[in-house]
Amino acid sequence: MGQHDDRTAGAAPDVDPGPGEDPELAALALKILVAGGFGVGKTTLVGAVSEIRPLRTEEALSEAGELVDDTGGVDQKTTTTVAMDFGRITIRSGLSLYLFGTPGQDRFWFLWDELSQGALGAVVLADTRRLEDCFPAVDYFEHRRIPFVVAVNCFTDARRYGAHDVSRALDLEQGTPVVLCDARDRDSGKEVLIRLVEYAGRVHTARLLDSVEPQADSV
Amino acid sequence: MNGQWYDADAGPLVRPYAVTGGRTKPGPHGVRFDLIALVAVDPEGADAAAESLMGPEHRALLGLCRSETQSVAELAADADLPVGVVRVLLGDLLEGGHVMVSRPVPPAQLPDVRILREVIEGLRAL
Ligand SMILES: Nc1nc2c(ncn2[C@@H]2O[C@H](COP(=O)(O)OP(=O)(O)OP(=O)(O)O)[C@@H](O)[C@H]2O)c(=O)[nH]1
Ligand SMILES: [Mg+2]
């Protein structure tokens with residue numbers, strides 16, 4: 001991260017709330033990312049569990065141009081359009097989950113940086129017929145220590161692999177859950193999200209304990 | 001279109017940012033609103049006279065917030081405007097005292113077990 005300095009407000013928790021920022025606004029919003037290779041079922045998954053809507057961003061190339069397109073000399077107000085999937089799941093009034101399907105192409109990494117800021121966790125969708133397509137997403141979330149689960153979208157014509165095989169093939173860090181799913185199925189999608197929230201809770205709690213307890217294995 | 005949002009010095013406008021007068025960054029506070037920052041109408045900020053001076057997109061956003069507190073992402077999707085544009089317009093609304101914007105939960109506060117349990121139960125019940 002750190003390619004852009006105009007980070008989101010959430011990045012600096014202890015600064016004074018700016019004008020109009022109301023700390024008493026009790027509503028909670030949690031963000032979950034859905035990532036994975038081209039055509040792996042991201043849109044399908046978000047649509048299965050939530051009311052999906054397309055979200056457009058227009059990124060000024062002056063911010064992202066270096067990463068995006070070879071457009072040297074173009075007026076700095078030129079923008080590029082990126083579409084994302086976006087869905088909301090209302091848990092109760094004042095508590096919602098927001099799902100963001102990240103654009104698959106590598107050239108939109110800068111958007112991932114913004115999306116992953118303050119995210120509860122991520123779902124990396126995988127297709128066993130081209131497992132390598134999810135390598136970049138796995139790398140990305142591992143490096144940024146964002147809790148994620150790998151959800152294997154079981155396409156009908158794909159050979160079935162066990163969760164363990166996938167975990168080994170992806171060389172996942174120990175503990176990273178692998179879930180077999182059908183992205184078209186609502187219950188299956190819900191199960192993926194539940195596994196993620198459980199896992200994210202464990203990861204965050206462990207980190208919290210790590211930061212207060214002396215390391216047991218330190219001599 | 002209300003001429004107020006155009007400026008002769010703005011230079012060539014690219015279509016998506018035309019409604020912001022070519023501005024691609026939010027106003028003087030320099031806040032870059034998170035996609036899940038929540039926007040609520042400021043109950044003390046409602047001033048019909050000031051509202052009438054705003055552009056239609058500003059009023060549309062305000063209208064959306066009036067029915068329910070909305071995230072930045074929802075506002076963009078519902079208003080069918082790009083996120084970057086919505087950020088600029090929200091900066092105007094914040095500056096004018098029309099809305100309040102909450103920070104998203106800082107990552108350090110995420111592991112509130114009670115909330116996560118509520119989320120899991122909520123997902124099961126969907
Ligand atoms: N048989 C089967 N087809 C699926 C499944 N999930 C998705 N599909 C189909 O696969 C195609 C691609 O799914 P999308 O959800 O659009 O994939 P995506 O990851 O959003 O694709 P991009 O946004 O283009 O990267 C669609 O035609 C889906 O209907 C699945 O579990 N089984
Ligand atoms: Mg898609």
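In what follows, every chain begins at residue 1, and chains take the letters A, B, ... in the order their sequences are listed. Keep in mind the model is a prediction, meaning the values are calculated, not measured.
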Could you look at A/R92 and say if it's the side chain, the backbone, both or neither that has a heavy atom under 4.5 Å from chain B? side chain
For the residue pair A/F141 and A/W112, is the inter-centroid distance of their aromatic rings smaller than 6.0 Å? yes
In terms of side-chain geometry, is the basic nitrogen of A/R56 or B/D80 positioned less than 4.0 Å from the acidic oxygen of its partner? yes
I'd like to know if the side chain of B/R87 reaches the main chain of B/F33, judged simply by a donor and an acceptor atom lying under 3.5 Å from each other, with no hydrogens or angles considered. yes
Only heavy atoms, only distances under 4.5 angstrom. Which residues in residues 179-196 of chain A are near chain B? A/R186, A/K190, A/L193, A/I194
Could you tell me whether the side chain of A/K31 and the main chain of A/L115 form a donor-acceptor pair under 3.5 Å? yes
Measure the shortest side-chain to side-chain distance between B/D42 and B/H98 over non-hydrogen atoms and say whether it is less than 4.5 angstrom. no
Relative to chain A, which segment of B/E68 carries a heavy atom at a distance below 4.5 Å: side chain, backbone, both, or neither? side chain
Contacting moiety of B/R117, where chain A heavy atoms sit under 4.5 Å: neither
Within the side chain of A/T205, is there an N or O that forms a donor-acceptor pair under 3.5 Å with the backbone of A/G201? yes
Counting only heavy atoms closer than 4.5 Å, note whether A/V49 contacts chain B via side chain, backbone, both or neither. backbone
Could you go step by step and tell me if B/E74 and B/S71 meet the side-chain hydrogen bond (donor to acceptor under 3.5 Å, both in side chains) rule? CA-CA 5 Å; B/E74 277 169 304; B/S71 64; 2.9 Å; yes
From the list B/V85, B/L75, B/V101, side-chain contact (heavy atoms from CB on, under 4.5 Å) partner of B/L90 resolves to B/L75
